[in-house]
Amino acid sequence: MNSSIKKAVIPAAGLGTRFLPATKTIPKEMLPIVDQPTILYVVEECVRAGIEDIVLIAGRGKSSIEDFFDRSVELEETLERSGKTSLLSRIQRVRDLANVISIRQKEALGLGHAIYTSKPIVGNEPFAVLLGDEIMIPRSDDELTATEQLVNVFNKTDKSAVAVMPVEDENVHKYGIISHSAEQDGVYTVDNVIEKPSLDEAPSRLALPGRYVFTPKIFDFLKNTPPGKNGEIQLTDPMAQLAKDEGMSATVVTGRRFDAGDKLGYLMANIEMGLEHPEVGEGLKNYIKGLASQF
Ligand code: G1P
C-alpha cells in the first residue's frame, strides 16, 4: 500500500497483569499465537499499510521484543548450517520487516503518556497508533486491516481517523466510546470520546479497538493532559479535544479481529490461526471435532 503515513507507534510498556503469571518474565506482546508472537501480527499490520518505521514504547523487562526484531547471528548460522532454509528465511524476514525504534516510557502513567513519549521520534507528521490487545489478521490479500482502512480515510480527509467497532452493552465499560454525528460511506464524524463510560453515560455502542491515525496536533493536547479516568493520563481525553479542534473521522473495522488482550479472545485467536496453519491445521480440526462430539 502506498501510504502517506510512514510511522506507527506501538505501546508495549504495560505490565500484562491479565496474563499473570505467564507475563511475570515474558512480555505479553511476546505470547505466541501458534508460532508468532502477537507483536509480529501488529507489526505486519503496519507493514501492510505501507508503514516503515515502528516506534515501540517499551518499559522495563521488554528487551526481548527489541531482540526479536534484531538479527540473531548464532541462530541464523545454526539454521543455515543445518539446511533449515525455510525457517531461516522466516527469521530473516522478521528482522527485515521494518525499522523498529525503541524508546522507554520510564513511568507507567497511562496510555496518553506513553504516546506522548514518542513525540521526539514521530516529529511533526501524521502517524498511526496500534494497541496490541486487539489483533487484526486478514483472511486474504483483499481484506483490509483496520490500519489500511484508516490510512485510506486519512488520505481522503486529511484529518485524524480512528477505528471503531460495535460492542454489546456489557462490554461498553471496557473501552473508549465515541459520540458521532454524520455518517457517510461508513465514515462517522466524531464529536466526543469518553473513556470507559458506564452504560448510562455511553453516548453510543461504538468502541475504540485501538487503531488510530493522528495528526501531530494530538501532541499539543497530550502535553497538557491531566490524569483522567482511573488516575491515568488517557489518550481519549486529548482525542476529544482534537476532534473538536480539527475534526476526526471514525470508521467501523471490517476485517477479522481478535481480542488477544483477553484470555478467551487469545485462545480463540490460537484456535483460528491453528486451524489455518499448514502444519497443525488438519490435526487440530480432527481434535476439535472429537472434542465437540463429547459435549
Ligand atoms: C485502552 C484505551 C481505550 C481503548 C482500549 C482498546 O484501554 O484507553 O480507549 O478502547 O485500550 O483495547 P485499556 O484496554 O488499555 O484499558
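Both counts, for ligands and for their atoms, begin at 1 and track the order of listing.
- Every atom of ligand 1 with a heavy atom of Thr236 under 4.0 Å away is listed here by number and element: 9 (O).
- Counting protein heavy atoms only, atom 12 (O) of ligand 1 is closest to Tyr175 CE2, 4.2 Å.
- Counting only distance, with no hydrogens or angles, the side chain of Lys6 and the backbone of Asp53 share no donor-acceptor pair below 3.5 Å.
- Protein heavy atom in closest approach to atom 2 (C) of ligand 1: Glu195 OE2, 3.6 Å.
- Here the side chains of His180 and Thr189 are not in contact, with every heavy-atom distance at 4.5 Å or above.
- Counting heavy atoms closer than 4.0 Å to ligand 1, residue Leu235 contributes nothing at all.
- Proximity to Gln234 (heavy-atom distance under 4.0 Å) selects the following atoms of ligand 1: 8 (O).
- Listed here is the closest heavy atom pair of Asn270 and Val34: OD1-N, 2.7 Å.
- When hydrogens are left out, the protein atom nearest atom 13 (P) of ligand 1 is Lys196 NZ, 3.6 Å; that is the closest non-hydrogen contact.
- Those atoms of ligand 1 that come under 4.0 Å of a heavy atom in Gly176, given as number and element, are 3 (C), 4 (C), 9 (O), 10 (O).
- When hydrogens are left out, the protein atom nearest atom 11 (O) of ligand 1 is Leu131 CD1, 3.4 Å; that is the closest non-hydrogen contact.
- A distance-only check finds no donor-acceptor pair linking the side chain of Arg48 to the backbone of Glu148 [under 3.5 Å].
- Not less than 6.0 angstrom separates the ring centroid of Tyr41 from the ring centroid of Phe258.
- For atom 16 (O) of ligand 1, the nearest protein heavy atom is under 4.0 Å away.
- Using a 4.5 Å cut-off on side-chain heavy atoms (C-beta onward), Arg257 and Met136 make contact.
- Annotation: atom 10 (O) of ligand 1 to nearest protein heavy atom, Leu208 O, 2.6 Å.
- In terms of protein heavy-atom proximity, atom 14 (O) of ligand 1 is nearest to Asp133 OD2, 4.2 Å.
- Asn171 and Val167 get closest at one heavy-atom pair: CB-CB, 4.2 Å.
- Looking at Arg211, its side chain never comes within 3.5 Å of a backbone N or O of Thr147 through a donor-acceptor pair.
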